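Labels below follow one simple rule: chain letters A, B, ... track the order of the sequence lines, proteins then strands, and each chain is numbered from 1. As the structure is a computational prediction, the values presented were derived from the model and not from experiment.
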Amino acid sequence: MARLRIKDILKTTPTEQTIIVKGWVRTFRNNSFIALNDGSTNNNLQIVVDFNKTPEDILKRITTGAAISITGILVASLGKGQSVEVKASSIEIIGDSDAEKYPLQPKKHSLEFLREIAHLRFRTNTFGAVFRVRNTLSFAIHQFFNEKGFLNLHSPIITSSDAEGAGEMFHVTNFDISNPPKDENGQIDYKHDFFGKPANLTVSGQLEGELAALAFSDIYTFGPTFRAENSNTTRHLAEFWMIEPEMAFSDLNDNMNLAEEMLQYVINYALKTSHDDIEFLNQRLLEEEKQKPQNERSEFSLIEKLNFCLENNFERITYSQAFDILRECNYNKKKKFNYLIDKWGVDLQSEHERYLVEKHFKKPVILIDYPKEIKSFYMRQNDDGKTVAAMDILFPGIGEIVGGSQREERLEKLETRMDELGIPKDELYWYLDTRRFGSCPHAGFGLGFERLVLFVTGMTNIRDVIPFPRTPKNCEF
RNA sequence: UCCUUCUUAGCUCAGCUGGUUAGAGCACAUGACUGUUAAUCAUGGGGUCCCUGGUUCGAGCCCAGGAGAGGGAGCCA
């Protein structure tokens, strides 16, 4: 007889059929009731043990964390709290778990503690829900782009281009780093390195994505990205996953439409497909909110917040409009911002972004047309000579979740800008070739996958939505 | 990297103005009970008070340095 998954058992009508189920013990109450979980769902299956007919040494080994196999009959539950349960006819201990040493207890643990035992935190309700939702979102993204006819491109993880300037990079080498070969000037001689030149882990697949978009029209990448920044925040990782679509024959407007449609699609998909898990996370947050003073509680529950995003269009405004709103707002006039908004052209600080999203509009905001000085070289220059066709999508509680732009497709404009910023054109000849041969308007963006998972799960620390977070001074597991 | 808070039992935390043997809940062990929902009740074991140095008759508590963690900022996704 085949083992059944708990998710399916809980949906089955009980007719006293005999089944086999395997999983890990969450709690064992009253010497009679096992809460069994196999990770297929957040809900546990209750196993009823007749302790009078079960050997003492088996009962003693049914401990929190133990892996067990149950053969029994599926019946309607006599107790409250579950509709079906399994009356065990035989119990096999597959893997013991010493209750005194097993760190997880049937009680609430702090997220900080669970982060230190990330190898075991999958077995908790919260992280079970988080990583099932993460899986659902990942699948939804692929499905969304597949339905739209986008080609999934595997952009390289090791690159030799360091011309992009998108942050500090991790160096890739097979040199003996205590004794690398040197040239006649005493400099490290990369000619003898594995690739014959310096190489790094990618900080973005965008440039490669553009090359493919100018052949396949619509592509997206979904892969790991690495930044060696010394960032210690709740929304940065040294290794994270990014989704980067790129569309040929498209402008900034198409770009905004795609990003908004995609975010709404995957949120909607998660709400429907991962309903139980999101409901659990929703309850978890409500409990947490009860601990807070009234004025710090959020207006919306997690599910209300997600639905709100589906029912309302994102607010679309230009940098200049945002600048005016911020300059004229009471916060600015009363000097409540740490950084005053006074001169057009300043970069917005996160306190300003939060004001716009959380206080002024109270919904996701798409900011476009930023001053060119504060944005990258590849963004398309607007006719005003001051701004570029950039877009950032800001989410409540998360901040920037998407950063993108229409790309500069005009060779001369692009080269001029690269010269101004001192970006070596010869190293990026391949990028410029797309502008030499059959260039066309195109646009794309980068979506931080973990930031999306943060938003949908209502978690607040990005280290809790990736299985094994890599951050400065932390590369455990 | 900067600012700030924290570090006491396996976990979550209390510990007064520096004072004698450092506590609670949960977990664990033993027993009772047996349709429980983080079961309940009784009993019990469990401590490098983060580390190093200093002040003091006396330091978990004060001072200096260090390590680690949380929150905020910058960089960004």
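Look at B:rC6: its Watson-Crick or wobble partner, with both distances under 3.5 angstrom, is B:rG68. Nucleotide B:rU21 is matched to nothing when pairs are restricted to Watson-Crick or G-U wobble geometry with both distances under 3.5 angstrom. Pairing of B:rC76, defined by two Watson-Crick or G-U wobble distances under 3.5 Å, is not identified with any nucleotide. Using N1 to N3 plus N6-O4 or O6-N4 for Watson-Crick, or N1-O2 and O6-N3 for G-U wobble, each under 3.5 Å, B:rU43 pairs with B:rA29.
Considering only side-chain N and O atoms, A:Q349 lies under 4.0 angstrom from the phosphate OP1 or OP2 of B:rG74. For A:T27 and B:rA39, the shortest distance from a side-chain N or O to OP1 or OP2 is below 4.0 Å. Distances shown here put every side-chain N or O of A:S231 at or beyond 4.0 Å from the OP1 or OP2 atom of B:rC76. Residue A:S350 places at least one side-chain N or O under 4.0 Å from the OP1 or OP2 atom of B:rA73. Close to B:rG71, at under 4.0 Å from its OP1 or OP2, lies a side-chain N or O of A:N461. Contact between the side-chain N/O atoms of A:T234 and the OP1/OP2 oxygens of B:rG70 is not found at any separation under 4.0 Å. Residue A:R463 places no side-chain N or O under 4.0 Å from the OP1 or OP2 atom of B:rA69. Using a 4.0 Å cut-off, some side-chain N or O of A:R29 falls inside it from OP1 or OP2 of B:rA39.
Between the base of B:rG72 and the side chain of A:E351 there is no donor-acceptor pair shorter than 3.5 Å. Between the side chain of A:N232 and the base of B:rU1, at least one donor-acceptor pair of N or O atoms lies under 3.5 Å. Looking at A:Q105, its side chain comes within 3.5 Å of the base of B:rG10 through a donor and an acceptor atom. Checked by distance alone, A:K108 brings no side-chain donor or acceptor within 3.5 Å of a matching partner on the base of B:rG25.
Counting non-hydrogen atoms under 4.0 angstrom, A:K101 reaches nothing in the nucleic acid. Within the 4.0 angstrom heavy-atom criterion, no nucleotide atom of any strand lies near A:E244. Within 4.0 Å of A:F113, counting heavy atoms only, lie sugar-phosphate atoms of the nucleic acid but no base atom. Heavy atoms of A:I401 sit under 4.0 angstrom from primed sugar atoms or phosphate atoms, though from no base atom.
For A:T64 and A:V48, each mapped to the nucleotide of RNA chain B holding its nearest heavy atom, the one lying further toward the 5' end belongs to A:T64. For A:N230 and A:R115, each mapped to the nucleotide of RNA chain B holding its nearest heavy atom, the one lying further toward the 5' end belongs to A:N230.
Between B:rG15 and B:rG60, the two C1' atoms lie 8 Å apart (nearest whole Å). The P atoms of B:rU7 and B:rG45 are separated by 28 Å, rounded to the nearest whole Å. When the C1' atom is used for both B:rG44 and B:rU52, the distance is 37 Å, rounded to whole Å. The same atom, C1', is picked in B:rA24 and in B:rA9; the two are 11 Å apart, to the nearest Å. Nucleotides B:rC6 and B:rU43 have their P atoms positioned 36 Å apart, rounded to a whole Å.
A:Y319 contributes a side-chain N or O that, together with a main-chain N or O of A:G345, makes up a donor-acceptor pair within less than 3.5 Å.
B:rA77 has its base stacked against the ring of A:F240, the centroids being under 5.5 angstrom apart at an interplanar angle below 30°.
Listed nucleotides: B:rG70, B:rU37, B:rG74. Nearest to the side chain of A:Q82: B:rU37. Checking B:rG74, B:rU34, B:rU12 against the side-chain heavy atoms of A:R235 singles out B:rG74 as nearest. Comparing B:rG35, B:rA77, B:rA73 by their closest approach to the side chain of A:T233 singles out B:rA73.
Taking the side chain as every heavy atom from C-beta outward, A:Y339 and A:E351 approach each other to under 4.5 Å.
Side-chain polar atoms of A:Q283 and A:E279 form a donor-acceptor pair below 3.5 angstrom. Side-chain contact of A:S89 with A:T71: a donor-acceptor pair under 3.5 Å is absent, judged by distance alone.
In terms of heavy atoms, A:W344 sits closest to A:F323 at N-CZ, 3.3 Å. Contact detail for A:S40 and A:K7: the closest heavy-atom pair is OG-N, 3.0 Å.
Of the listed residues (A:N135, A:L137, A:V130), just one forms a side chain to side chain contact (heavy atoms under 4.5 Å, CB included) with A:V133, and that residue is A:L137.
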